[in-house]
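Below is one structure; the comments refer to it alone.
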Amino acid sequence: MQTATQAAASPFRELRHLDQQAQDRLADLGATLAPMQALKRTGRRPLLFNGTTVATMCGVTPALPFWYELNVHRTVIGSYVSDIRLFHKSPDLHDLFWVEEHDELEAVVSYLERYDPAGDVGVPREMTTRAGSPAELALWTARLQMQVDAITQHYRALAGELLHTLTKG
């Protein structure tokens with residue numbers, strides 16, 4: 001049974017045509033519904049679902065110019081949503097949001113294990129706008145390899161922590 005304060009705050013208080021028992025039941029159901037989530041996705045429309053966050057991990061490291069945030073959500077229908085976010089400290093770079101829905105938790109684990117963060121490293125504009133000498137190209141290649149190594153190491157450490165959290169419970 002709900003209190004007068006809960007009834008006043010209930011979104012179902014407008015349903016006056018229902019008897020008190022039905023209104024109470026709707027209020028109880030409304031309290032158990034998971035909140036609506038709207039997750040940004042890079043290059044796609046947002047993913048909308050009702051659900052809750054099962055696990056989250058954020059790895060901000062002052063020495064790195066980027067950081068990942070990893071989230072796993074469970075929807076009210078029982079599916080799971082993986083949410084990989086890459087944020088850049090530089091305002092010149094776009095943040096990336098990779099969100100996918102999965103039928104089972106094992107599929108989320110597999111997706112997070114196979115995710116390749118090297119694809120999140122962009123090619124610097126200077127490299128694509130002018131041809132360089134072989135020495136300049138070798139330097140660009142070394143810089144890109146260092147960025148790929150740094151982002152891969154950061155992602156794998158964070159994903160390992162998240163996967164440990166997911167699988168231990």
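- A pairwise comparison of heavy atoms in Thr165 and Ala55 identifies CG2-CB, 4.4 Å as the closest pair.
- In this structure the side chain of Thr61 reaches within 4.5 angstrom of the side chain of His154, judged on heavy atoms.
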Candidate pair Asp149 and Gln153, rule side chain to side chain donor-acceptor pair (under 3.5 Å), full reasoning:
CA-CA 6 Å; Asp149 292 346; Gln153 182 180 17; over 6 Å; no

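- A salt bridge links Arg44 to Glu100: one of the charged nitrogens lies within less than 4.0 Å of a carboxylate oxygen.
- Within 6.0 Å of atom CG in Asp103, 12 or fewer heavy atoms from other residues, nucleotides or ligands are found, so the atom counts as exposed in its surroundings.
- Cluster annotation: Val99 and Phe49 are assigned to the same hydrophobic cluster (Ile/Leu/Val/Met/Phe/Trp/Tyr, side-chain heavy-atom contacts under 4.5 Å, transitive).
- Hydrophobic clustering, with ILVMFWY side chains joined whenever heavy atoms are under 4.5 angstrom apart, groups Ile151 together with Ile84.
- Taking CD of Gln37 as the reference point, atom CG of Leu47 lies at 9.5 Å (rounded to 0.5 Å).
- Atom CD in Glu136 sits 11.5 Å away from atom OG1 in Thr141 (nearest 0.5 Å).
- Remark: the Asp120 side chain and the Trp98 side chain contain an N/O donor-acceptor pair separated by less than 3.5 Å.
- Few gaps surround CZ on Arg41; more than 12 heavy atoms of other groups in view lie less than 6.0 Å from it.
- Ser79 pairs by the side chain to side chain donor-acceptor pair (under 3.5 Å) definition with Thr75, Glu101, not counting sequence neighbours.
- A distance-only check finds no donor-acceptor pair linking the side chain of Ser110 to the backbone of Glu106 [under 3.5 Å].
- Under the 4.5 Å side-chain criterion, counting only non-hydrogen atoms from C-beta, Cys58 is not in contact with Tyr68.
- For residues 61-75, the set of pairs meeting the salt bridge (charged side-chain N to carboxylate O under 4.0 Å, His left out) definition, not counting sequence neighbours, comprises Glu69-Arg85.
- The number of heavy-atom neighbours closer than 6.0 Å to NZ of Lys40, taken from other residues, nucleotides and ligands shown, is 12 or below.
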Thr56/Asn71 under side chain to side chain donor-acceptor pair (under 3.5 Å): CA gap, chis, key distance, verdict:
CA-CA 4 Å; Thr56 187; Asn71 302 288; 2.3 Å; yes

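- A search for ring pair (Phe, Tyr, Trp, His ring centres under 6.0 Å) contacts involving Tyr80 returns nothing, not counting sequence neighbours.
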Checking side chain to side chain contact (heavy atoms under 4.5 Å, CB included) for the pair Val72/Leu162: CA distance, chi angles, key distance, verdict?
CA-CA 9 Å; Val72 176; Leu162 182 75; 4.0 Å; yes

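- Paired with His102 under the rule side-chain contact (heavy atoms from CB on, under 4.5 Å), one option of Val108, Val109, Leu112 passes, and it is Val108.
- When hydrophobic clusters are built by joining Ile, Leu, Val, Met, Phe, Trp and Tyr residues whose side-chain heavy atoms come closer than 4.5 Å, directly or via intermediates, Leu64 is grouped together with Val148.
- Under the 4.5 Å side-chain heavy-atom criterion for ILVMFWY residues, no single connected hydrophobic cluster contains both Trp67 and Met57.
- At a threshold of 4.5 Å between side-chain heavy atoms, the hydrophobic network of Ile, Leu, Val, Met, Phe, Trp and Tyr places Leu39 and Leu158 in two separate groups.
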Do His73 and Val54 pass the side chain to side chain contact (heavy atoms under 4.5 Å, CB included) test, and can you show the C-alpha distance, the side-chain angles, and the key distance before you say yes or no?
CA-CA 5 Å; His73 308 275; Val54 175; 5.7 Å; no

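- By the 4.5 Å heavy-atom criterion applied to side chains, Leu105 and Leu166 are counted as neighbours.
- Proximity of the aromatic rings of Tyr155 and Tyr115 is defined here by a centroid distance below 6.0 angstrom, and this criterion is met.
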